[in-house]
2 protein chains.
Amino acid sequence: MKAVLFLALHTNDNQKWMVKDIYSRINVPQSYLAKILQELSKRDVISSSRGPKGGFYLSEANFDLPLIKIVDVIDGKQRLRSCMLSIKECDSDNPCALHDLVGNTNSEFIKRLEQTTILDLISDVKEGKSVLPL
Amino acid sequence: MKAVLFLALHTNDNQKWMVKDIYSRINVPQSYLAKILQELSKRDVISSSRGPKGGFYLSEANFDLPLIKIVDVIDGKQRLRSCMLSIKECDSDNPCALHDLVGNTNSEFIKRLEQTTILDLISDVKEGKSVLPL
DNA sequence: TCCTAAATCTGATTAATATCATATTTTAGG
DNA sequence: CCTAAAATATGATATTAATCAGATTTAGGA
Ligand code: FES
Ligand code: FES
């Protein structure tokens, strides 16, 4: 998340970002960040180009991706969608004891991740509605 | 959570529960469950007595504990309360880019964990509002 | 064309968490 | 007071996730 938001905040037409120039600014170990960015790139969440002048960046299309995409790629679809008590699939028609407390909040949360794009978050930052000291 | 809810559902005045009679019913490895129940007991979330006829159970007081107590004991207070971007402490006056999306949902969630007791959940189950096939 | 700078790929290492094993303490009941 | 049944304590192992290291591929520029 931090890495993607960093790219979103600092990508522009003539600048791409190398792992070694990002990692310390977002406080994530270099090798770990590399592996994560490569995965995000392979799964088309972010963009990259190799060779000199290369690096990671966000394309127009990337900006419009919903945040849920990042979560799904990194943590897998199960992570947010399974029953909190792991006694079954999360099912609001047949809610477990924690569902109304957690599951509903969770579904609401997922919905928001689906509706909010990277661009939305960055807009908020640029309008001063939120901060992102990266 | 499952273990505590199991105890809540099945504790009565003349019955305590041993690890070996619980673990398979909630699908948690025996030794792992033992360590967790011991920790919960030491931290006064659940009750126990040793020796023959002993086992784990919930006291009246235990029933009235808010769910947040379980989370705090098992996962630590930080787990739910730190900024999602881990760039600072979570602070709604100076929200990070994800705070409104996640942090607010999260605070709401914490509040509910603080307000809901084990007894509340069990009441729901007994009234048929939710299920708990344990 | 060749050199170099970048991501990519692959596997190894380390750290954290979950799980196991066993010895110790406590307590009910004979 | 003995014995057996239970939790408790402690340390070891196994599994998973995070981090590291190095060889390989790609692309820009001289
Ligand atoms: S049914 Fe358990 S969280 Fe939804
Ligand atoms: S400030 Fe980041 S989640 Fe609240």
Side-chain angles (χ1 to χ4, degrees), chain A residues 1-4 6-7 10-11 13-59 62 70-80 82 85-86, chain B residues 1-4 6-7 10-11 13-59 62 70-80 82 85-86:
Chain A
M1 276 287 180
K2 283 201 287 185
V4 171
F6 179 93
L7 290 177
H10 296 106
T11 290
D13 288 341
N14 48 24
Q15 187 169 27
K16 303 188 175 86
W17 288 90
M18 291 182 292
V19 167
K20 68 175 177 193
D21 294 324
I22 305 177
Y23 81 97
S24 61
R25 297 182 58 175
I26 63 176
N27 207 39
V28 173
Q30 182 165 11
S31 308
Y32 187 42
L33 177 61
K35 196 166 249 187
I36 283 189
L37 288 182
Q38 282 161 24
E39 182 69 15
L40 289 172
S41 175
K42 189 178 4 176
R43 301 281 302 271
D44 296 317
V45 178
I46 67 178
S47 306
S48 66
S49 72
R50 300 193 193 189
K53 299 282 172 186
F56 295 97
Y57 63 100
L58 297 196
S59 65
N62 294 151
I70 303 172
V71 178
D72 286 347
V73 163
I74 299 299
D75 294 312
K77 297 221 171 206
Q78 296 301 300
R79 188 63 160 268
L80 284 182
S82 42
L85 289 179
S86 57
Chain B
M1 277 286 179
K2 283 200 286 183
V4 172
F6 179 92
L7 290 176
H10 296 105
T11 290
D13 289 341
N14 48 24
Q15 186 169 28
K16 302 188 176 85
W17 287 90
M18 292 183 290
V19 168
K20 67 176 176 189
D21 294 324
I22 305 176
Y23 82 96
S24 61
R25 297 183 56 175
I26 64 177
N27 208 37
V28 173
Q30 181 164 10
S31 307
Y32 187 43
L33 177 61
K35 196 166 249 184
I36 282 190
L37 288 182
Q38 282 161 24
E39 181 70 15
L40 288 172
S41 175
K42 188 177 9 175
R43 302 280 303 272
D44 295 316
V45 179
I46 66 178
S47 306
S48 66
S49 71
R50 299 194 195 190
K53 300 280 171 189
F56 295 97
Y57 63 100
L58 297 196
S59 67
N62 294 151
I70 303 172
V71 179
D72 287 347
V73 163
I74 300 297
D75 294 313
K77 297 221 173 208
Q78 297 301 300
R79 187 64 159 268
L80 284 181
S82 40
L85 289 179
S86 58

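So you know, we letter chains A, B, ... as the sequences are listed, proteins then strands, and number each from 1.
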| Can you list the steps and then say if A:L80 with A:D75 is a side chain to side chain contact (heavy atoms under 4.5 Å, CB included)? | CA-CA 9 Å; A:L80 284 182; A:D75 294 312; over 6 Å; no
Round to a whole Å and report the spacing from [atom1] of [X] to [atom2] of [N].
| X | N | atom1 | atom2 | result |
| --- | --- | --- | --- | --- |
| B:K16 | C:dT26 | NZ | P | 18 Å |
| A:R79 | D:dT16 | CZ | C1' | 11 Å |
| A:L40 | C:dA7 | CG | P | 14 Å |
| A:F56 | C:dA6 | CZ | C1' | 9 Å |
| B:I36 | C:dT17 | CD1 | P | 13 Å |
| A:I46 | C:dA6 | CD1 | P | 16 Å |
| B:Q15 | D:dA6 | CD | C1' | 15 Å |
| A:E39 | C:dC9 | CD | C1' | 12 Å |

With side chains defined as the heavy atoms from C-beta onward, is the minimum distance between [X] and [Y] less than 4.5 Å?
| X | Y | answer |
| --- | --- | --- |
| A:R79 | A:V71 | no |
| B:K16 | B:K53 | no |
| A:E39 | A:V45 | no |

Between [X] and [N], is there a contact of a side-chain N or O with OP1 or OP2 at under 4.0 Å?
| X | N | result |
| --- | --- | --- |
| B:S41 | D:dT8 | yes |
| A:K20 | C:dA6 | yes |
| A:S49 | C:dA7 | no |

| task | Would you confirm whether A:N62, through its side chain, and A:S47, through its main-chain N or O, come within 3.5 Å as a donor-acceptor pair? | result | yes
| Results of salt bridge (Lys or Arg N to Asp or Glu O under 4.0 Å) for B:K77 - residues two or more places apart only | B:D72
| remark: Note: A:F56 and A:S41 closest approach over all heavy atoms is CE2-CB, 4.2 Å
Write down the protein N/O and nucleotide N/O pairs, taken from nucleotides 2-5 of chain D, whose separation is under 3.5 Å; answer none if there are no such pairs.
none

| field | Those residues that, when tested against B:R25, pass side-chain contact (heavy atoms from CB on, under 4.5 Å) (two or more places apart) | value | B:F6, B:H10, B:W17
| request: Quick one: list whatever passes side-chain contact (heavy atoms from CB on, under 4.5 Å) with A:S24, sequence neighbours left out. | output: none
| query | In residues 21-32 of chain A, which ones come under 4.0 Å of DNA chain C, going by heavy atoms? | reply | none
| field | side chain to side chain contact (heavy atoms under 4.5 Å, CB included) evaluation trace for B:N27 with B:K2 | value | CA-CA 9 Å; B:N27 208 37; B:K2 283 200 286 183; 4.3 Å; yes
Please list, pair by pair, any protein nitrogen or oxygen found under 3.5 Å from a nitrogen or oxygen in nucleotides 10-13 of chain C.
unit_1 : atom_1 : unit_2 : atom_2 : d
C:dG11 : O6     : A:K35  : NZ     : 2.7

| task | Show your reasoning for whether side chain to side chain contact (heavy atoms under 4.5 Å, CB included) applies to A:I22 and A:L37. | result | CA-CA 11 Å; A:I22 305 177; A:L37 288 182; 4.3 Å; yes
